[in-house]
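Inspection log for the structure reproduced underneath, given as C-alpha cells.
Each chain gets a letter, A, B and so on, in the order the sequences are listed, and its residues count up from 1. Computed over heavy atoms, backbone and side chain alike; hydrogens, waters and symmetry mates excluded. In this text, all values refer to a predicted model and were calculated from it rather than measured experimentally.
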Amino acid sequence: MIDIKYLRANPEVVRAAIKNKNEKADLDALLRVDNQRRSLQYSYDQLRAQQNTVSQQIAQKKRAQEDASEEIASMAKVAAQLKGIQADLNAANAEIETRLLSIPNIPEADVRIGPDETHNEVIRHEGEPATFDFEPKDHLAIAEQNGLLDLTRGAKISGSGFPIYKGAGARLERALINFMLEYHIQKHGYTELMVPLAVTRKTMTGTGQLPKLEADMYHIAEDDLFLIPTAEVPVTNIYADEVLSYKDLPQKYVAYTPCFRREAGSYGKDTRGLQRLHQFNKVEMVRFVEPENSAAALKEILHDAEDILQALGLHYRVVSLCTGDLSFASQKTFDLEVWAAGSKKYLEVSSVSNFGEFQARRANIRYKDAEGKMRHLHTLNGSGLATPRLMIALLETYQQADGRLKLPEALKPMLELRI
RNA sequence: GGAGAGUUGCCGGAGCGGUUGAACGGGACGGUCUCGAAAACCGUUGUAUCCUUAUCGGGUACCCAGGGUUCGAAUCCCUGACUCUCCGCCA
C-alpha cells in the first residue's frame, strides 16, 4: 500500500508508476475523497470536543443536583449532527481504502521503463549450456521413457495442469524439494516454516495478491479461504498487525509449499508438459529487514537462489524486470531463467523481489528502530526454487544418448536414484 | 456440529453509564545512591490522526471487530472473529 501522505505530496510520481506498470487507478478521485475525508474528520473532531466538554458539565450539574436539561437538549442536536458526519466519514474512509489497495508499488528509480517482458534486461549468464553428441530430447520424451510422470491421469482426476509424479519421478521431485530446503537452512541460515495452504482474504490482501488477482485464485467460497499461489503469502503475513523490535531483524524464513494458480486466460501459452501448471511445488525464501538493508538483502536472496542452480550444475541467466513486467507489489525484481537443453529455451524458475514497505503497510507489520521510532519494515522474497521447470532443465540437461539420466552429484545425498 | 467461559495497555490484572488513556502489581527506560552492582527511593513508560510535517502545546480516536441504545459507553444491547473447557465426529 502506498503511503497516502506520500501520494498527496508526489501525485505525479505515483501517476507515472501506475502508467509504467500498466495499471489503472483513478488518482484524482482518490485525492478528492481524501480531501473530503480530512474536512469531515475536522468537523467530527470539533463536534466531539464540544460534546466531551458539555458532557462533563452535565455530569457536574447532575452530581450537584442541578438541572441540565438545556445542555442535554443542545447535545442531542450535536449527537444527531455527529451521526450524519460519522456516516459520511465511514463512507469516505472505505472508498479511500478500496482505491488505495488498487495502487501498485512504485518501481525503484533504476528499474528500466518498458511495457512488457520484451523490455527486460538480461544482466548476465552463468555456467555453460550443456552440449550433446546426439539430438537431445525434451523433458516429456525423457519422462515418458523413464515413467516419471503421468499427466494424463493427473488431468483425469483434476483437469489439465495437475501433474502426477510417479515412481522415480516422485522421488526426484521430493529429493529436489528436500535438497533446496536443506541447502537454504544449512548454508544460508534460513529458518524453516511449514504453513497453512489456505488463507483468509485479509492475508491475501496483505501481500498484494488481492484485490487484483482474485480471478487467478482458487477460492473456497463456504469459508472465504483462498489456496495460496505462493508461500510468500502465509509466510510474509506471519507478522501481520505486529510490532517487532529492530533487535528481531533481520529474519530469514524458508518454506516449501505446493502452489495453486488458476492461470485464468493463459491457455495455450507455453503449457506443454510441466511448463505451466495449476499446482506445483516451490521452496520460497522470505526476509523481514530494516529499510536501509533491503537493497543488500535483495542481492543476497538472488545469490541464495542462484546457489541452487549452480550446485545442480545448470546454465541460467539473470534477468532484471522492466516496469511493465514487475508484479503489482514489487519495486524491483530479478528473475532466474534456467536453460532447458532439449527444448532449447530459458525457463523462469525464480523471481526475487524487494517490496520495500509496500506489503508491510498492507499487512500492518511494523518495528521499533534503535531510536524507538515506529516504522514499517521491508519485506522481500525469492523462489529458491520452483520445481517444475527445474525438473525440465534437469531432465533435459542430464539426459544421455540412451535416454537414461545421469543426475548431478549434489542430489546423491538426498536420494540414491537409478534411472 | 452442540453447551459453557473468556478477549482491557509490554505482561499480569482491576474497572457502580459521567475528570478512566484507563486503579494496582510486574517489566522496561531515565535519575538519586554506590568504587561498581544489587536493593531502596524518585520519575517516565502506547498508537494513529489533525491543528502548523520545526519546537512547545493542544484537539480527536483507539479497552477483539462492526453496529445499536444514550446528552455521555471499556462499562448496557445485537452481530461477528478468535481463545479456552466439556460433549459429538474424525486423520
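Spacing between B:rU52 and B:rG59 at atom P, rounded to whole Å, works out to 15 Å. Here the separation of B:rC62 from B:rU8, taken at their C1' atoms, is 12 Å to the nearest Å. One P atom belongs to B:rC77, the other to B:rC41, and the distance between them is 42 Å to the nearest Å. Using C1' as the reference atom, B:rU60 and B:rG72 are 16 Å apart when rounded to the nearest Å. B:rA23 and B:rU34 are spaced 34 Å apart, taking the C1' atom of each and rounding to whole Å. A distance of about 39 Å separates the P atoms of B:rG1 and B:rA61, rounded to the whole Å. As rounded to the nearest Å, B:rC11 and B:rC29 have C1' atoms that lie 16 Å from one another. Taking atom P on both nucleotides, B:rU19 is separated from B:rU69 by 22 Å, rounded to a whole Å.
B:rA39 is unpaired under the criterion used here, namely a Watson-Crick or G-U wobble arrangement in which both key atom distances are under 3.5 Å. Using the Watson-Crick or G-U wobble rule with both distances under 3.5 Å, B:rC84 pairs with B:rG4. Applying the Watson-Crick and G-U wobble criteria (two distances, each under 3.5 Å), B:rC33 pairs with nothing in any strand. B:rC63 is unpaired under the Watson-Crick or G-U wobble criterion, no partner having all donor-acceptor distances under 3.5 Å. Across all strands shown, B:rA14 remains unpaired; no Watson-Crick or G-U wobble contact has both distances below 3.5 Å. For B:rG9, there is no paired nucleotide, since no Watson-Crick or G-U wobble pair has both relevant distances below 3.5 Å. Remark: B:rU75 base-pairs with no nucleotide; criterion is Watson-Crick or G-U wobble with both hydrogen-bond distances under 3.5 Å. B:rG57: Watson-Crick or G-U partner is B:rC51, with both key distances under 3.5 Å.
Across all strands shown, A:N90 has heavy atoms under 4.0 Å from sugar-phosphate atoms exclusively, and none from any base. Backbone-only engagement by A:K83 is indicated by non-hydrogen atom pairs under 4.0 Å involving sugar-phosphate atoms exclusively. Within 4.0 Å of A:R37, counting heavy atoms only, lies no atom of the nucleic acid at all.
In this model, no donor atom of one side chain and acceptor atom of the other lie less than 3.5 Å apart for A:R32 and A:N35. Looking only at atom types and distance, the side chain of A:Q310 has a donor-acceptor partner in the side chain of A:Y316 under 3.5 Å away.
The distance from atom CG of A:D45 to atom P of B:rG58 is 16 Å, rounded to the nearest whole Å. Counting to the nearest Å, the P atom of B:rC50 and the CD atom of A:Q41 are 9 Å from each other. B:rG66 atom C1' lies 12 Å from atom CD of A:Q86, rounded to whole Å. Atom P of nucleotide B:rC71 and atom CG of A:D67 are separated by 15 Å, given to the nearest angstrom. Nucleotide B:rU53 holds its P atom 19 Å from the OH atom of A:Y6, rounded to whole Å. When rounded to the nearest whole Å, the span between CD of A:Q46 and C1' of B:rG58 equals 11 Å. Atom-to-atom, CG of A:L47 to C1' of B:rC71 comes out at 14 Å; the value is rounded to the nearest Å. Per the geometry, OH belonging to A:Y246 stands 15 Å off P belonging to B:rA28, to the nearest Å.
A:R366 has no carboxylate O lying under 4.0 Å from a charged side-chain N of A:E357, or vice versa, which leaves the two without a salt bridge. The pair A:D307-A:K187 does not meet the salt-bridge criterion, since no charged nitrogen lies less than 4.0 angstrom from a carboxylate oxygen. Ion pairing between a basic and an acidic side chain is recognised when a charged N comes within 4.0 Å of a carboxylate O; A:D34 and A:R37 show such pairing.
A side-chain donor-acceptor contact under 3.5 Å links A:Q399 to the backbone of A:E396.
Considering A:L181, A:I308, A:L312, A:V283 in turn, A:L312 is the only one that fulfils the side-chain contact (heavy atoms from CB on, under 4.5 Å) rule with A:L176. Of the residues listed (A:I301, A:I123, A:N354), the one engaging A:F334 in a side-chain contact (heavy atoms from CB on, under 4.5 Å) is A:I123, and it is the only one.
If you find the closest nucleotide of RNA chain B to A:G372 and to A:A49, the one lying nearer the 5' end belongs to A:G372. Mapping A:A79 and A:N52 onto RNA chain B via the closest heavy atom, the residue that lands nearer the 5' end is A:N52.
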I'd like a list of close polar pairs between nucleotides 15-18 of chain B and the protein, N/O only, cut-off under 3.5 Å.
| residue | atom | partner | partner atom | Å |
| --- | --- | --- | --- | --- |
| B:rG18 | O2' | A:R63 | NH2 | 3.3 |
| B:rG18 | N2 | A:S55 | O | 3.4 |

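At the phosphate of B:rC50, neither OP1 nor OP2 sits under 4.0 Å from any side-chain N or O atom of A:R38. Within the 4.0 Å cut-off from OP1 or OP2 of B:rG72, not a single side-chain nitrogen or oxygen of A:R48 is found.
In this structure, A:K252 satisfies the cation-pi test against A:Y190, with its NZ or CZ atom closer than 6.0 Å to the six-membered ring centre and inside 45 degrees of the ring normal.
Here the side chain of A:A76 is nearest to one of B:rU60, B:rC71, B:rU47, namely B:rC71.
Here the CG atom belonging to A:L385 is positioned 10.0 Å from the CD atom belonging to A:E284, to the nearest 0.5 angstrom.
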